[in-house]
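Numbers restart at 1 for each chain; the letters A, B, ... are given by sequence-line order, proteins then strands.
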Number of protein chains: 2
Amino acid sequence: MRADARKNYDQILAVAREVFAADGAEASLRDIARKAEVGMGTLYRHFPTREALLEVILRERFEALAASADAPADGQPPDAALLAWLREIIAFTHQHSGVLGAMAAAIDAPESALHASCVSLKSAGARLLARAQAAGKARPDLEGIDLFALISAMAWLYDQPAFAHRADHLFAVITGAVVKQGKA
Amino acid sequence: MRADARKNYDQILAVAREVFAADGAEASLRDIARKAEVGMGTLYRHFPTREALLEVILRERFEALAASADAPADGQPPDAALLAWLREIIAFTHQHSGVLGAMAAAIDAPESALHASCVSLKSAGARLLARAQAAGKARPDLEGIDLFALISAMAWLYDQPAFAHRADHLFAVITGAVVKQGKA
DNA sequence: ACCTGAACACCGTTCAAGT
DNA sequence: ACCTGAACACCGTTCAAGT
């Protein structure tokens with residue numbers, strides 16, 4: 001990549017990080033281009049879709065989340081591991097409103113730039129879920145897509161200002177339907 | 001109201017019903033004005049906000065839902081009554097995507113045209129919930145706002161195409177966390 | 001190769017001008 | 001009293017023209 005192109009690419013990304021965090025996944029692309037001091041065409045050249053831009057920004061975190069799902073867990077029982085992972089995801093998406101809506105749209109769209117991230121996140125969750133189910137600590141009639149859907153719904157709840165003051169409680173209610181916590 | 005104004009009012013409403021059902025609560029107001037064959041100013045004169053237009057369209061159904069929450073129930077136990085009512089709401093909002101998102105935004109906004117509808121829907125749910133709780137058939141640590149939030153989240157899930165095939169199952173999972181169904 | 005910014009087709013909202 | 005539609009300030013997306 002040419003030096004000027006590289007500079008623009010990095011600048012767009014840096015600005016997009018801030019703007020997406022502030023305005024959510026539906027933030028104005030024009031606004032990003034403006035703040036990055038590049039033309040609209042430059043933004044589109046580097047990131048042909050909104051998803052492509054989101055993907056680069058989110059990839060790192062989602063890879064970390066997928067990795068943490070498979071981490072040794074240090075003696076942590078599978079139900080606690082699943083719960084901790086769910087809390088991690090929600091804490092992250094809470095900083096980026098609407099991101100899980102974009103993910104939900106991408107999971108059925110193989111051509112979306114976000115598709116691979118969705119699938120790996122869903123799979124990571126499915127593996128944690130399966131281990132908890134095997135230990136008799138999670139509702140057995142749930143699949144990976146169900147967990148993904150419930151995560152998305154919880155993220156949506158956290159994004160609604162009217163529900164924010166009850167969001168932690170609702171998290172407990174919903175995860176309570178998934179995980180049957182026990183002492184051993 | 002003058003005869004021409006009345007005609008425009010009715011025409012806008014008739015068109016809006018169709019367009020909101022087809023495109024959801026975020027449908028283009030310009031599109032509605034166009035299809036109703038009125039100027040934008042006419043639409044705004046009769047309905048100063050999107051919420052005002054939505055409110056007129058939804059009021060009838062929400063009043064019916066609030067009424068059905070208080071219906072004698074014909075020997076139906078409170079847990080079954082609550083579940084049946086939840087199914088009714090979800091079935092309705094499923095035909096009008098995004099409506100519960102608008103409701104969620106309006107519940108904390110007393111100036112919104114939708115506010116009264118939100119509150120009465122929340123209250124109706126809260127009464128059903130309280131009866132089920134009194135019978136020991138619903139999770140006791142839930143308030144009206146929690147039920148409203150869970151309804152909204154379920155409506156959101158039904159609106160996501162990627163989750164549609166699991167939506168009925170997710171409804172069972174989430175309501176399972178609220179209602180503890182028993183035989184007597 | 002890469003960049004710019006105008007152009008196009010859309011929004012929501014307001015308001016001067018008409019009847 | 002009511003209506004119209006242009007005007008304004010925004011979008012996302014594309015593309016001719018420049019370097």
Between [X] ([atom1]) and [N] ([atom2]), how many Å, whole number?
X     : N      : atom1 : atom2 : result
A:D31 : D:dA9  : CG    : P     : 17 Å
A:L29 : D:dC11 : CG    : C1'   : 9 Å
A:E26 : C:dG12 : CD    : P     : 15 Å
A:K35 : D:dC10 : NZ    : P     : 12 Å
A:R2  : D:dT19 : CZ    : P     : 14 Å

(request) Identify whether the distance between the nearest side-chain nitrogen and carboxylate oxygen of A:K35 and A:E18 falls below 4.0 Å. (result) no

(request) Considering only NZ, NE, NH1 and NH2 on the basic side and carboxylate oxygens on the acidic side, decide whether B:R87 and B:D168 come within less than 4.0 Å. (result)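 Salt bridge between B:R87 and B:D168, a charged N being under 4.0 Å from a carboxylate O: no.
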
(message) To the closest 0.5 Å, what do you measure between CZ (B:R139) and CG (B:L129)?
(response)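 Reported value, rounded in 0.5 Å steps: 11.5 Å.
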
(message) Rounded to the nearest 0.5 Å, what separates atom CG in A:L82 from atom CD in A:Q76?
(response) 10.0 Å

(message) So if I take residues 36-53 of chain B and measure heavy-atom distances to DNA chain C, which residues fall below 4.0 Å?
(response) B:M40, B:G41, B:Y44, B:R50

(message) One pair to check against salt bridge (charged side-chain N to carboxylate O under 4.0 Å, His left out): A:D4 and A:K7. What are the steps and the verdict?
(response) CA-CA 5 Å; A:D4 56 345; A:K7 187 172 145 269; over 6 Å; no

(message) Both atom distances under 3.5 Å, Watson-Crick or G-U wobble: I'd like the secondary structure of DNA chain D as a dot-bracket string, with | for pairs made across strands.
(response) ||.|||||...|||||.||

(message) Go nucleotide by nucleotide along DNA chain D from the 5' end; which of B:R30 and B:A5 gets its closest nucleotide reached first?
(response) B:A5

(request) Consider the side chain of A:D4, meaning its heavy atoms from C-beta on, and name the nucleotide among C:dC3, C:dC11, D:dT13 that approaches it most closely. (result)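 Looking only at side-chain atoms, A:D4 lies closest to C:dC3.
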
(message) We want to know whether B:Q160 and A:S152 form a side-chain donor-acceptor pair, criterion being a heavy-atom distance below 3.5 angstrom.
(response) no

Verify the contact: side-chain N or O of [X] to OP1 or OP2 of [N], cut-off strictly under 4.0 Å; return yes or no.
X     : N      : value
B:N8  : D:dC3  : yes
B:R34 : C:dC11 : yes
A:S28 : D:dG12 : yes

(message) Need one value for A:A27: base, sugar-phosphate or nothing, where a base atom within 4.0 Å counts as base even if backbone is also close, heavy atoms only.
(response)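 Sugar-phosphate contact only.
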
(message) Counting only heavy atoms from other residues, nucleotides and ligands, does the tally under 6.0 Å from CD of B:Q95 exceed 12?
(response)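 Check passes, neighbour count above 12.
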
(request) Indicate yes or no: at least one non-hydrogen side-chain atom of B:L58 is less than 4.5 angstrom from one of B:F92. (result)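 Yes; the side chains approach each other to less than 4.5 Å.
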
(message) As a quick check of understanding, evaluate side-chain contact (heavy atoms from CB on, under 4.5 Å) for B:V178 and B:D146, giving each step before the final call.
(response) CA-CA 10 Å; B:V178 173; B:D146 300 323; over 6 Å; no

